[in-house]
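Heads up: the structure comes next, in structure tokens.
These values consider heavy atoms only, across backbone and side chains, with no hydrogens, waters or symmetry-generated copies. For clarity, every value in this text was computed on a predicted model and none was experimentally measured.
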Amino acid sequence: MTTMLITGTSSGIGRATVRRLARRPDLTVYATATRVNTLYRNFVTKAKWA
């Protein structure tokens, strides 16, 4: 299993990248962002795709 850390995931290409990679069962993806409230809103409240 591969682990990835993706930074800058509150918007833009970082957000799109983590959304795509989080669907892969062979990866463990960690996402970071400076705007924590946006990170929470984008990923925790929309965890249906994860």
Next item on the list: State, with a plain yes or no, whether a side-chain heavy atom of Y30 is found less than 4.5 Å away from one of I6.
Entry: no
Rounded distance (nearest 0.5 Å) linking atom [atom1] of [X] with atom [atom2] of [Y]:
X: L21; Y: T28; atom1: CG; atom2: OG1; answer: 11.5 Å
X: T9; Y: R35; atom1: OG1; atom2: CZ; answer: 10.0 Å
X: T2; Y: D26; atom1: OG1; atom2: CG; answer: 6.5 Å
X: I13; Y: R20; atom1: CD1; atom2: CZ; answer: 10.5 Å
X: R24; Y: M4; atom1: CZ; atom2: CE; answer: 8.0 Å
X: R15; Y: T17; atom1: CZ; atom2: OG1; answer: 12.0 Å

Checklist line | hydrophobic_cluster_shared for L27 and V18, side chain cutoff 4.5 Å | finding: yes
